[in-house]
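Read the structure below first, then the notes.
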Amino acid sequence: MQSNDQRAYDRGVTVFSPDGRLYQVEYAREAVKRGSPAVGVATDDAVVFAAHGRPRSPLMEPDSIEKVHDVDGRLGVATAGHVADARRLVDYGRQFAQRERLRYGEAPAVEPVAKAVADQIQESTQTGGTRPFGAALLVGGVVESVPRLYEIDPSGTPTEWRATAVGDGSEVIRSHLEAEYVAESDAGAGVSLALSALDEGTDGELRAREIDVAVLDECGYEAFDRDRRATVLDDADLSPAS
Amino acid sequence: MQSNDQRAYDRGVTVFSPDGRLYQVEYAREAVKRGSPAVGVATDDAVVFAAHGRPRSPLMEPDSIEKVHDVDGRLGVATAGHVADARRLVDYGRQFAQRERLRYGEAPAVEPVAKAVADQIQESTQTGGTRPFGAALLVGGVVESVPRLYEIDPSGTPTEWRATAVGDGSEVIRSHLEAEYVAESDAGAGVSLALSALDEGTDGELRAREIDVAVLDECGYEAFDRDRRATVLDDADLSPAS
Amino acid sequence: MQSNDQRAYDRGVTVFSPDGRLYQVEYAREAVKRGSPAVGVATDDAVVFAAHGRPRSPLMEPDSIEKVHDVDGRLGVATAGHVADARRLVDYGRQFAQRERLRYGEAPAVEPVAKAVADQIQESTQTGGTRPFGAALLVGGVVESVPRLYEIDPSGTPTEWRATAVGDGSEVIRSHLEAEYVAESDAGAGVSLALSALDEGTDGELRAREIDVAVLDECGYEAFDRDRRATVLDDADLSPAS
Amino acid sequence: MQSNDQRAYDRGVTVFSPDGRLYQVEYAREAVKRGSPAVGVATDDAVVFAAHGRPRSPLMEPDSIEKVHDVDGRLGVATAGHVADARRLVDYGRQFAQRERLRYGEAPAVEPVAKAVADQIQESTQTGGTRPFGAALLVGGVVESVPRLYEIDPSGTPTEWRATAVGDGSEVIRSHLEAEYVAESDAGAGVSLALSALDEGTDGELRAREIDVAVLDECGYEAFDRDRRATVLDDADLSPAS
Amino acid sequence: MQSNDQRAYDRGVTVFSPDGRLYQVEYAREAVKRGSPAVGVATDDAVVFAAHGRPRSPLMEPDSIEKVHDVDGRLGVATAGHVADARRLVDYGRQFAQRERLRYGEAPAVEPVAKAVADQIQESTQTGGTRPFGAALLVGGVVESVPRLYEIDPSGTPTEWRATAVGDGSEVIRSHLEAEYVAESDAGAGVSLALSALDEGTDGELRAREIDVAVLDECGYEAFDRDRRATVLDDADLSPAS
Amino acid sequence: MQSNDQRAYDRGVTVFSPDGRLYQVEYAREAVKRGSPAVGVATDDAVVFAAHGRPRSPLMEPDSIEKVHDVDGRLGVATAGHVADARRLVDYGRQFAQRERLRYGEAPAVEPVAKAVADQIQESTQTGGTRPFGAALLVGGVVESVPRLYEIDPSGTPTEWRATAVGDGSEVIRSHLEAEYVAESDAGAGVSLALSALDEGTDGELRAREIDVAVLDECGYEAFDRDRRATVLDDADLSPAS
Amino acid sequence: MQSNDQRAYDRGVTVFSPDGRLYQVEYAREAVKRGSPAVGVATDDAVVFAAHGRPRSPLMEPDSIEKVHDVDGRLGVATAGHVADARRLVDYGRQFAQRERLRYGEAPAVEPVAKAVADQIQESTQTGGTRPFGAALLVGGVVESVPRLYEIDPSGTPTEWRATAVGDGSEVIRSHLEAEYVAESDAGAGVSLALSALDEGTDGELRAREIDVAVLDECGYEAFDRDRRATVLDDADLSPAS
């Protein structure tokens, strides 16, 4: 198919191209690739998120470049792509989790939250009057001792992974994960793996102030503060040579 | 009709072409062909589903590439095509089954569920503001000892089959089914037939971790775990020569 | 008017062409002609439907290619054209019949059902945001000893007939009906006439497994099973020479 | 103005052309001219309708080609143009009459019914999302001894007449009416005039089975059966030489 | 600005052209000029309306070519332009007057009615999904001994006049009014002035059956019957030489 | 940016151009410049409005060319631009003032009224389905002894002024105001300044019958009648040399 | 990508370009750059806003060029860009703060207000029928002794800063802030820094009458009057040499 034909189909959100593709969804995937990367690793007893978001200025609070989000104290979400779109989806996940908790007296597991967010995204790709969301999400947590990690792409498809990445450089990062992932490991090893993978996908060095790290285990969501981030970077031999 | 003319009609979801065709529906059929295949076989006492979904990475949980779905413990759905669209339709089928059960105190049979999903799909092809669903479904189950198997295509037409397939390679698979289908057979033979047919439509070998197998009989929905999948592949002489 | 001009008017559902035509409705008529034919014959005491739908595969349940439908035990509908559209209209007719029965404690006659469906179709040709239905219907039944048979076309116009046909080859079939129709006849003669007419409009021979036959009389709707279809084909000297 | 310019304005329902015309309404008038004609004549004590609708086939029930309609036992409507559109407008008139009767305990006169239908039509020419109705109507009846006859065109304008016609050949018919209309006459003379005018506008001869005749007088709506139609054709010296 | 540019702006109802014009409103003014004229004259104690509407046929009831309308027994409206549009606006004015009367126990004065109708028109020029009204109105009446006369144009602007005209030839008519209007005069002089002005703007002679004349004074709305119209034409030396 | 590019952005109400402009709003400003001017001057104890509106004809009531409007007896609005649009905004301001009064038992001050109208205008520039308002407003009054004067432009931005003008020639008028405005002055001086400024922006001489003058002070809104307008023109040495 | 391609994507609010960009959002950023700048600085105990808005005329009340806004007595917002859009967002923030206060009996902190406004903005970039807001905001305040300062851009992304700027010249201003910002400082130093930064980004000199200064500390929102603004300009050695 030539570019003239492609152009005819890629402007309308809700139409298929003659070869069965949805161009707007494919372009939203490009928007994800324009965002800084996020990594997720499931270990024996935890899910680890590490993400990179370089502040535009030393005056910007690096913590406000939200890349890893606490959903309800137990589950977490890491995002890549169009920041404002990602925030909406995180909010949707939070509201879903809270609603479920109120309705059933029990917090939802990882899969229902991932699927609820995925449904929301799918709807944006089919119903007129709205564009797709330009963001991909990692949803993870440990429920009843089982760590689960989902990736949701801009088509609204949820898939489960042992370790994966979204955003700029995600292919390089995933190759690293595939090479280095060890089935039985603890949260500490997961953090090291996540950081080394993130480092692979990043130009220059990782700095404690420019990354987000969070561990989700039986005890719930724990975001690392900058000191601890510096420590784990150090542990992973990734500290900038200063 | 020339390609210039075709282009004029295939962008608008809700219009007929001069020769009475709905191009968007035909393009949605192309989207189905881009998805990995799913096979359904009705035997004397069961409906068997087998589907193929190769994980993109060894770190992906192969079980999360949902191809065969439990609707309500008795009925099942196998899907091919745009994954996110398929999930929506499966969810719709589940909600329909649950609503019927609540309303009438009895679970619905196979045909009503298939037709409810088909209606949902038809509406997407006629009403403005939405594109068709880029997915085809197989709906099956055993109700009052009768195994029933329906195929629903992107136009929203339900048809009943003894054995059929949807997705990439479905024509090759169906030819195999037509050649090999035996009217009176049990679930085990059905599984073998479904797997050999799926093998026909697949480049390379089937691996236990890359397929979904489920049997629906009087006892309800039973998805095979990986060991059992390996066993039935073995029984069907389809195990990779390792 | 040239083809350039025509193209300008036939894409918009809701506009007239300068010569007062509605092209989308005319294209929906083409969609009807792409469907296998259905015949209706009103006799002295019955309405007979016969329709042809060749299964795509020997594994397809021929009965699932719905061509003749029981509306409410007394009235029937035979359809031709886009199958999914036809199903929606049949459902609408069923709901209308049921609603009327609940409201007035009495089942509606043939004409009100035909007109309700026709209104539904007309609306699809005038209101924006929806395309016309690509299906034509025959609606028939015997109410208070009077057999009535209506045809509804994609413009939403209901007309009453003694015998008629819709779908592929309907013009040939109607010519046969006009030549052979006898005013006073019984249901059996009606079945023979309907089958011989259907045979005229079909390439190749009629097979019991590929046709639908139903008789509507004072006792209500009766669909013929395959044995009986074989018998009446035989009676009409239409059995394949085997 | 050239044809290039015209094309720019005649596709959008809701816009004026630079010279203040509404092309879609003018095209709907063309749709009316494509329909078989209907004649209305007001006499001293009655309104007479006569209309012509040739069945497409001898198997079609000529009575089902609805051209003259009983609104509420007292008022009648004759139509020309797109049949399905006309039916909707007749239904609207019936509902309006019934609603008024329920609300005020008294049936509405001719003018309010004509104006309510006209308003409905006007709205279709101004509001987006719908095309105009491709039908013209004659509305008539005798209320409190005064026969009234209205014509409503596709712009939604109601006008009152002593005698008029709509549909194919209406200009020829109207010329005949202008030449032959006699102010003081009875219903019988009105029927003869209506039929002779209709005959003027018709190729070939009028046949009792192909025409509708109805008289509206103090006693209400009376449609002529085929025998009576044959008699009045005979009285008007219009019977086919058989 | 060239015609290519103009075309770009005059198809969309709701957009300004670069020089701040609303072309659809200007085209609606053209639609007004295509209608037969209406004249309004305010005298010391009355408002006089005279309008011209030539019946298309001697069989048309000239009174049914509504040009002057009684709003509520006290106020009147004369219209020019697209007849069906004008009727809608007159109806709106009537409903407004009735609603006000019910709400406040008192009929509204001329200005509120004129402004309510003007608002309705303005909305049609700003809100999407509807075209402007192709009609201009004169609204008049005597409330508390003060005769008031308003003109409302297709932009929805109400202006007050001593004497004015709308429709075909309105510029010629207004020149005549400007030359002949005398500040202090009675209703009879007003009728004469209105008729002579109307005569200026009309090709051929005025005939009693082709005009509408109404006087609004302290006693309310009074439409002249044909005899009286003949008399006043005579009084104004405007009777056709017969 | 070339004119070809500009055209691409100025037809859609709700889109930004690549350089961040909203062309429809800029074109609405052109519509304002097509209207006759209005001047506002705040003095120590009053706000003065003067506006110019030449009647199209000597028969037009000059007072009906509404340029200065009483909002609620205390506040006033002067307008320029598309007259029908301006009237809607004035009505909106009146309704807002009345609603506030009912809700809080106290009439609103100048600023809340100006901002409420501005919000209404802003919405018309952002929400689809409606064009901007082609009018600019001056809103003024004296609340708790403080004279306040606001200008609202077609983007919906309210700004406060000591003296300003909108409409045709507003730039010339404002230059005059800037040169002549004296901080401490009374209402009489304000009227003189407003009139001399208006005179600057007007071709030809100001005539008492063609202008609106109103003073808003502690006592509320007072529109000058023609005699008083003649007097103040005289006082300002602006009377036509007659 | 060439400009021809770009044009194809930047007119539709809700579509991605093939490289994953949302052009309308990028154009809205250009609208922000067309507005005069606003600076925010967080100190140890306060947030300081300084903004520049040069009046178009000496008769314009400089205070009415709203650049810094009191949200609820404790929080403040400074804006840059399309003034009318900014006002809507400030209003939205005020309503949100008030609603929260009513609902929870406690005023909301800085972050929830910033995020609520950001969500509103994001929605305008995704949902059809509306354009993005052409404004950027700084939201700040001291809640429980912690000064917080957020920037929200036209994509709806909130980020936290120690000091930042939006609008024309914001990059120059931010460079100055980065060079001069001292972590531990009091409100007075913050005001000086904000003013010197603003001066960097402004052609010509800052004048007390053309700037807005506000300090938000434990005591709430305090806007500086002109005298105080002159004093702080003086303190910062930024007073015009007069």
Side-chain angles (χ1 to χ4, degrees), chain A residues 3-4 6-15 22-35 53 55-66 79-92 94 121 124-125 127-136 154 167-168, chain G residues 4-5 8-22 24-25 40-42 111 114-116 118-130 132 148-165 170-171 174-181 183 197:
Chain A
S3 94
N4 255 336
Q6 179 179 334
R7 235 173 274 152
Y9 295 98
D10 59 8
R11 272 171 241 158
V13 179
T14 62
V15 297
L22 294 168
Y23 280 105
Q24 271 296 308
V25 171
E26 301 191 5
Y27 297 169
R29 286 204 177 98
E30 293 302 314
V32 173
K33 288 194 190 146
R34 297 171 73 90
R56 274 181 288 151
S57 152
L59 293 175
M60 197 184 227
E61 294 281 353
D63 292 350
S64 83
I65 309 174
E66 298 168 290
T79 64
H82 194 60
V83 178
D85 286 13
R87 285 195 57 246
R88 290 296 288 236
L89 292 170
V90 171
D91 277 358
Y92 183 82
R94 284 174 176 151
I121 293 172
S124 77
T125 73
T127 307
T130 184
R131 58 167 172 81
F133 286 89
D168 182 25
Chain G
N4 254 337
D5 283 340
Y9 295 98
D10 59 8
R11 273 172 241 157
V13 179
T14 63
V15 296
F16 282 102
S17 72
D19 53 350
R21 295 166 68 185
L22 294 168
Q24 272 296 308
V25 171
V41 173
E111 190 178 7
K115 292 194 169 173
D119 283 349
Q120 191 74 356
I121 293 172
Q122 190 276 345
E123 200 171 311
S124 77
T125 73
Q126 186 172 28
T127 307
T130 184
R148 309 287 294 272
L149 169 66
Y150 284 86
E151 175 186 332
I152 311 173
D153 77 350
S155 78
T157 307
T159 42
E160 193 176 358
W161 296 76
R162 298 314 303 159
T164 188
S170 59
E171 278 159 47
R174 201 177 285 154
S175 297
H176 182 86
L177 290 170
E178 288 173 8
E180 304 293 333
Y181 186 79

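The sequence lines fix the lettering, A, B, ..., with proteins before strands; numbering per chain opens at 1.
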Test item: [X] and [Y] side chains (from C-beta on) under 4.5 Å apart, heavy atoms:
| X | Y | result |
| --- | --- | --- |
| A/Met60 | G/Glu151 | no |
| G/Thr157 | A/His82 | no |
| A/Asp91 | G/Lys115 | no |

How far apart are the closest heavy atoms of [X] and [Y], and which atoms are they?
| X | Y | value |
| --- | --- | --- |
| A/Arg56 | G/Thr159 | NH2-OG1, 4.1 Å |
| A/Ala84 | G/Ser155 | CB-O, 2.9 Å |
| G/Phe16 | A/Ala28 | CE1-CB, 3.8 Å |
| G/Gln126 | A/Ser124 | NE2-CB, 4.5 Å |
| G/Asp119 | A/Arg87 | OD1-NH1, 3.3 Å |

Item to check | Counterpart residues, salt bridge (charged side-chain N to carboxylate O under 4.0 Å, His left out), relative to A/Glu61 (two or more places apart) | outcome: G/Arg162

Next on the checklist: Checking G/Asp153 now: which residues fulfil salt bridge (charged side-chain N to carboxylate O under 4.0 Å, His left out) with it, not counting sequence neighbours?
Outcome noted: G/Arg29

Next on the checklist: Under a 4.5 Å cutoff for heavy-atom pairs, which residue among A/Gly81, A/Ala86, A/Pro55, A/Ser57 has the most contacts with chain G?
Outcome noted: A/Ser57

Checklist entry - Side chain, backbone, both or neither: which part of G/Thr164 has a non-hydrogen atom closer than 4.5 Å to chain A? => result neither

Checklist entry - Are any of the side-chain nitrogens in A/Glu30 or G/Arg21 under 4.0 Å away from the carboxylate oxygens of its partner? => result no

